[in-house]
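Below: the structure, in structure tokens.
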Amino acid sequence: MFKIENLHAGVEGREILKGVNLEINAGEVHAIMGPNGSGKSTLGHIIAGREGYDVSQGAMEFKGKDLLDLGPEERAHLGIFLAFQYPVEIPGVNTTYFLKSAVNEVRKARGLPELDAVEFLKYIKEKAALLQLPGDFLKRALNVGFSGGEKKRNEIFQMAVLEPCFAVLDETDSGLDIDALKVVSNGVNQVKSPDRAQLVITHYQRLLDYIVPDFVHVLYDGRIIRSGGKELALELEERGYDWVIESASVEA
Amino acid sequence: MPEIDLDPRREIFDQLDQQKLGPLWLIPIRKAAVARFADAGFPTRRDEDWRFTDVSPIRDLTFKPVYEASGRELSGSIRERSLLGGVRTHRMVFVDGIYASELSDAPLIEDGVTVIDLKTGFESDALHLQEHMTRYSQSDQNAFTALNTAYFADGAVVKVERGVSCRTVLHLVFVTSGGENGVTVHPRNLVTVGDGASVTLVEEYIDAGGKAPCFTNSVIEFVVEEGAAVEHIKVQDESTRDFHVSGLYAQLKRSSRFRSHSLALGAKLSRHNIRTRLDGEGSQCVLNGLYLTRGEQLADHHMVVDHAKPHCESHEYFNGILDDQSRGIFHGRILVRQEAQKTDAKQTNKNLLLSDEATVNTKPQLEIYADDVKCTHGATIGQMDEEAIFYLRARGVPQGVARRMLMHAFAGEIIDRIECDPVREQLDRVVWDRLEDEGV
């Protein structure tokens, strides 16, 4: 479904990703872990199509389509979703209004009829209940005045509404207490299906107790230096990253 | 000064007949005004209040004050041309500054509300006009106001008697025909609102699609009596060939409430001078404005909020969205006199630049002579938030729509302060449509 080959990318001449390879099939959940500054968030941003990165080498495709030439909205229309580590506050843009526009743009791109106001409201209210979001948040400006936890829940709520085929969750667990973490994970797991895939970027193993990955990758210094099953995450939790980094440098 | 003797404006004035000068009491006022204009001349950029706005293109226009209807047919109906055509209002239309009864709703003289044209007012309500007209603008040294006082021919007289809530939205529409070069129109409006009365008034400036540049130089005076409430919405959408200067003078009595919104969309050069005097304890004043400019447009808002009495509040909020080589100017001066203790005054000016060549000059200014006051001011100039645009795009919103959403949100900060629902909703649509045309 999603494939990255030998991806090199950076900002202003500084290379951040130095040859990333990753293949994700439908139905799979992958986790990317790694210490700070290893390039995890950059990878998430590049998948979503953020401008400002120079991709010097490599390829990235989704369902057989070359992604690198597509804008962020075109990727979203194909079914790619990035849950932001730091969701942006946008004063003056009403949450419902924004979401209706997003949903209908995605539907339009997929050749589906647009939802009218009544259909749309009914649809999002069901999804909002799932994430236990405060009743008034749909009327509020997008993320404005939301607590850290509310912002993260809003991200997962939007994911539930947009129903992407491939979701990248960028440190969705950061800033969440254990109850919020359960609500968010529950939301993520509800979206899971055999024809969808997820890439979970995280610092801590904690999230992976709730969102159980099929594969775990360690990203370090712009490369994936080790991959394994879910037990790799537990091992990292216990022993830290140093042993992986050391054994990788020995192999190199 | 010989060059001023040659000023054609003075010559024209000396030849005006009695009919054009109006009632006798007005003649010395007009003479004083023309003398003041002759003395001062048009402001130059050496004048601090005009530092950023060069009015020499106005000086160089042919000067043809209008005293009679041209009889020229306008293309398209006023309802189609007006930005508020779809809103139910009581409409009074002026073409090149002259009242056009055939395009207007019937004059209103009922239930304590009077809306009539100035010439009718001179006959039917002479004492009222003599008491108020030019009284609040007189102390202003502004040359354009002096010019208006010397030459005005027509305008609207709006009077709301004490205790009356006028439920109808009153709507003054000033249309420039653009049929003849250098047509100079001087609308002169007087609005008096009695004790405890309230009214919503729209003052709209549009063009009729003509080719020749016009110069509109309008003045409106407000008297807001004790406990009265006024919402005033000025919409300026003249042709980008036109020049527009306007003066607003408001006198606020005890516990009154005055909200004035300015939406500057059109004209090649526009300058809105606002002078409000909070002249009674507990009065409140909100000045709220939005300018959207592109091409070579220049939009200038210049205000002095004069706190003369204690316990008054004033807020100024002005936002601008500027594209191409256009320019925006904000000059807000808050004057707190010694007596005006417990003043609460705030002003902000925010600008969004869509192009590298657009410029903004902003000058918030506080002048405080009282010691127990709360005054704040601030100004920002920024560009589109790329982080926010990426966020919206990543959710599937196309780039053009994402930009428009952010601009609309920025404009909405101002539009949302309009309390009159139908007017606010309509102007919100107008702004949204304008942003759609915006280069992306």
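In what follows, chains are A, B, ... by sequence order, proteins preceding strands, each numbered from 1. What you are looking at is a predicted structure, and each value in this text was computed from that prediction instead of being measured.
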Point to revise | Nearest atoms (heavy-atom pairs only) where A:Ser101 meets B:Val397 | key: OG-CG2, 4.0 Å

Study note, to complete from the structure: Correct closest heavy-atom pair for A:Pro91 and B:Ala409 would be O-CB, 3.3 Å

When you look at [atom1] of [X], are more than 12 heavy atoms from neighbouring residues, nucleotides or ligands closer to it than 6.0 Å?
{"X": "A:Asp136", "atom1": "CG", "answer": "yes"}
{"X": "B:Lys268", "atom1": "NZ", "answer": "no"}
{"X": "A:Glu23", "atom1": "CD", "answer": "yes"}
{"X": "A:Arg110", "atom1": "CZ", "answer": "yes"}
{"X": "A:Tyr97", "atom1": "OH", "answer": "yes"}

So, [X] and [Y], do they make that salt bridge, N to O below 4.0 Å?
{"X": "A:Glu74", "Y": "B:Arg393", "result": "no"}
{"X": "A:Arg50", "Y": "B:Glu387", "result": "yes"}
{"X": "B:Arg395", "Y": "A:Glu155", "result": "yes"}

Check your understanding: With chain B, which of A:Val106, A:Val93, A:Ile80 has the greatest number of heavy-atom pairs at distances under 4.5 Å?
Key -> A:Val93

Check your understanding: Between A:Gly52, A:Pro72, A:Gly92, A:Ala76, which shows the greatest number of heavy-atom pairs under 4.5 Å with chain B?
Key -> A:Pro72

Review point. Under the side chain to side chain contact (heavy atoms under 4.5 Å, CB included) criterion, do A:Phe84 and B:Phe390 qualify, and how do the steps go?
Key: CA-CA 11 Å; A:Phe84 280 53; B:Phe390 173 58; 3.5 Å; yes

Exercise for review: Measure distances from A:Pro164 to the heavy atoms of chain B and classify the residue's part below 4.5 Å as side chain, backbone, both or neither.
Suggested key: neither

Review point. Side chain to side chain contact (heavy atoms under 4.5 Å, CB included) between A:Leu142 and B:Leu392: does it pass, once the steps are laid out?
Key: CA-CA 10 Å; A:Leu142 195 47; B:Leu392 297 171; 4.1 Å; yes

**Study point:** Leading residue by heavy atom contact count with chain A [cutoff under 4.5 Å; candidates B:Glu413, B:Met405, B:His408]
**Key:** B:Met405

